[in-house]
Protein chains: 2
Amino acid sequence: MLPGGLRVVTEHVAGARSASVGLWVDVGSRDEPAVGTGAHGAAHFLEHLLFKGTRRRSARAIAEEIDAVGGDLNAFTGKESTCFYAHVLDRDMPLAVDVLGDVVLDAVMAAPDVELERDVVLSEIAGRDEDPEDLLADDFDALLFGAHPLGLPVIGTEETVTGMTRDRLADFHARHYVPARSVLAVAGNVAHAEVLAAVEAAYGSRLDGPAQPWHRTAGETPTTSYERLAVRDEDTEQAHLMLGVPSLRRADPRWPALQVLSTVLGGGMSSRLFQQVREQRGLAYSVYSSTTGYTDAGTLAVYVGCAPERLGAAASVVRDEMGDLAAHGITDAELTRARGQLRGELVLGLEETSSRMTRLGRRELDHGGLDRATDLASTLDRIDGVGADDVASLASELLTGPRAAAVVGPYGDADELPDEVREMVSP
Amino acid sequence: MLPGGLRVVTEHVAGARSASVGLWVDVGSRDEPAVGTGAHGAAHFLEHLLFKGTRRRSARAIAEEIDAVGGDLNAFTGKESTCFYAHVLDRDMPLAVDVLGDVVLDAVMAAPDVELERDVVLSEIAGRDEDPEDLLADDFDALLFGAHPLGLPVIGTEETVTGMTRDRLADFHARHYVPARSVLAVAGNVAHAEVLAAVEAAYGSRLDGPAQPWHRTAGETPTTSYERLAVRDEDTEQAHLMLGVPSLRRADPRWPALQVLSTVLGGGMSSRLFQQVREQRGLAYSVYSSTTGYTDAGTLAVYVGCAPERLGAAASVVRDEMGDLAAHGITDAELTRARGQLRGELVLGLEETSSRMTRLGRRELDHGGLDRATDLASTLDRIDGVGADDVASLASELLTGPRAAAVVGPYGDADELPDEVREMVSP
């Protein structure tokens, strides 16, 4: 920990020639409503705007400095956090630390750039509106989380982005984009002391004075009651269905069991849904399950993309497999295979310095310094510690409750949906 | 080299815990017309079909074996090569070698699976038809290469895929998917001797007998004359333009100079086109240049995606920048920055074992054992050896010839295009 409350976490990766540097800010779209309804989309808008120039660097200078070393500079915004990152050769780590700090803490946010980026964000919204899977995920979250801030799309709406003012953005920035709410995560061929030296050289007086790191705390779980069905009429060739239930907070000790459950249900080519829906019956090209976790809520969802005339049949296979898991749990062979799959994916997924940086940053934000036992070996141990009983009891708890379904496709309203879909979400 | 003509190339990656295993076959869509017009799309069709089961393994067994170790199994087809690959933990390398050999050399190609995968490929074609950028690239290649096999889309056409027979696929497979036309490339935490042992254990008698490796040889360059303009009327919100010229064969010694040229023109955020088209004038969200290289031809192209009413203005900036490069070459600052960018991207791009495997496999196919001086250091030296004069003379050679342009967007025919686009490709 450094003055100003900034936390710095480093992982040395032997054999790497690069460094991934991420400046994480513990702010996301769920923090917007507190500032007023017009702030919706501010975090994502800032993700764009901050790159347009700082007091020391024009947008062009930022581009030239990073291009000159062959680096990659970008950012992504979520519901609970935002990450600004660079991937560079190890020797260029100090440059990356400097540019990122400059961009996140010292951007000018010039009025003409607000207008320029407003157009860019509006075209991004138009693009999302042409992508059924993106729309579906936003609709599903809106069903499950309702008016809670987790139910809002990260990107904002056409209305809020059009109405966004520079003052509101600057206000949102001043409140949240501060060292005490930030984590600098670095993974690669660099030592922790080198990173600290780079931070001190680059950030200087911006870190003056003591400050306690800020930590997000869990509130009420926002999914005790929710809407059950959303239909969006689009002239698409495929029907898109996302069907699911509330699951667990990310910090829940049963999280590894949830991963095993999702893997057996729809996590790979050998999963129940892939085999039953695609391989055995040829009902859909794409079918899988997924989980998301937040500080105080989570979801477990199944996605199906198929020809509209096959949606009813596909939905009834999904219903049967969910029902079977809830009633009978999983087999020992499924447990063994799912644990192997999760272990392998985890290790293979940490090959790049960028994925290690992401893991480091998220962990520090999630656990707020309280639970440091998050090295790879303990994570692997937690996966191996999952038993078939754990999965069975979780399945019977989660998969028997009320389900929610979002559909995008050529359906005028809910009455035009196949009966099987409507029945799955009936009270 | 092993019996049967199979070549095995290995790169040990210190610090990695995984292995990427790729079985490359020196066959792609350009090899299809020789077998008859109905064979168009066969290589890509086989990429799907071969995973559906072998004499020793059902499709489900393949999925279960790879999922159980958390591995990833997939394939991609190009115009000159096809790669079947797996990414697994290092200890599972022998399994990956076994499964890939089984899939590529010993697939059953059962008649019902041909029908099942025909539907899958047809939906892929339907998906391509909904993606303007994919369509654009296919249209551009069709302009530049005309009736030459390089001008055909890899995926085939609805007509050829619908008419594809099992016999034709089996014939295409028997001719081309043989050890003498294959390279096994492995990168990761494994030793060459371990890979050879795994190959011998898995492939056994399939490698019996001596055979010379097959090498693709360069023919006539197929771009001496070509069509200049293609317009595809689609009801899209954006206009999509790909504008370019023939460039160099991949083995041309001026290839590194071409990379510098493309980088300065449109290779990054600080490139001329990004700065002029997007940052200074806000004419397009997306603009970049790219190159492709084959055994006997290559292309240099610029992509612009913008609002239809801005296409004319964007095209005239592209024309001006191309003209300026052809007349005056690049500045020393641009040369330095482009070399740094290419060096950095190259090193950063080799972080994953999968990208190292891809590099290994392609190199072996490209150079056919003739030019082995392809280690990273010599590639970096070749980039550093590019001078501003080399780039200037290449620019004046390539950028003054006739240009070709493909457009996808709301234009009924060429007469509805902005004048600036038509003028760029006029004789």
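Side chains included, hydrogens not; waters and symmetry mates left out as well; all remaining heavy atoms used. In what follows, every chain begins at residue 1, and chains take the letters A, B, ... in the order their sequences are listed.
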Pick whichever of A:Arg17, A:Glu345, A:Arg339, A:Gln275 has the most heavy-atom pairs under 4.5 Å with chain B. A:Gln275
Top residue by heavy-atom pair count (under 4.5 Å) with chain B, among A:Ser123, A:Ala68, A:Ala59? A:Ala68
Could you go step by step and tell me if A:Arg337 and B:Asp67 meet the salt bridge (charged side-chain N to carboxylate O under 4.0 Å, His left out) rule? CA-CA 7 Å; A:Arg337 201 160 62 231; B:Asp67 277 353; 5.7 Å; no
As a quick check of understanding, evaluate salt bridge (charged side-chain N to carboxylate O under 4.0 Å, His left out) for A:Lys52 and A:Glu117, giving each step before the final call. CA-CA 9 Å; A:Lys52 300 302 287 182; A:Glu117 291 309 304; 3.5 Å; yes
Residue from A:Gly340, A:Ala14, A:Gly15 scoring the most non-hydrogen pairs under 4.5 Å with chain B is A:Gly340
For B:His44, ring pair (Phe, Tyr, Trp, His ring centres under 6.0 Å) partners two or more places apart: B:His48
B:Arg356 (side chain) donor-acceptor with B:Leu350 (main chain) under 3.5 angstrom: yes
Partner residues of A:Asp72 under the side chain to side chain donor-acceptor pair (under 3.5 Å) criterion, sequence neighbours left out: none
So which of B:Ala61, B:Gly71, B:Gly268, B:Gly267 has the largest heavy-atom pair count under 4.5 angstrom toward chain A? B:Gly268
Which portion of A:Thr263 sits near chain B, non-hydrogen atoms under 4.5 angstrom: neither
Tell me, please, which residues at least two apart from A:Arg118 pass salt bridge (Lys or Arg N to Asp or Glu O under 4.0 Å). A:Glu115
Name the option with the most non-hydrogen atom pairs under 4.5 Å to chain B; the candidates are A:Glu64, A:Arg343, A:Met269, A:Gln238. A:Glu64
Where do B:Ile155 and B:Val121 come nearest, in terms of heavy atoms and distance? O-CG1, 4.3 Å
Side-chain donor or acceptor of B:Ser289 paired with backbone N/O of B:Ser262 under 3.5 Å: yes
Work out which heavy atom in A:His240 is nearest to a heavy atom in A:Tyr303; give both atom names and the distance. ND1-OH, 2.8 Å
Ordered numerically, the heavy-atom neighbours of chain A under 4.5 Å found in residues 87-100 of chain B are B:His87, B:Val88, B:Leu89
If you apply the rule salt bridge (charged side-chain N to carboxylate O under 4.0 Å, His left out), what do you find for B:Glu334 with B:Arg272, and how did you get there? CA-CA 10 Å; B:Glu334 286 176 325; B:Arg272 291 188 178 195; 2.9 Å; yes
Side chain, backbone, both or neither: which part of A:Val120 has a heavy atom under 4.5 Å from chain B? side chain
Who wins among A:Ala126, A:Ala338, A:Ser18, A:Ala307 for the most heavy-atom pairs under 4.5 Å with chain B? A:Ser18
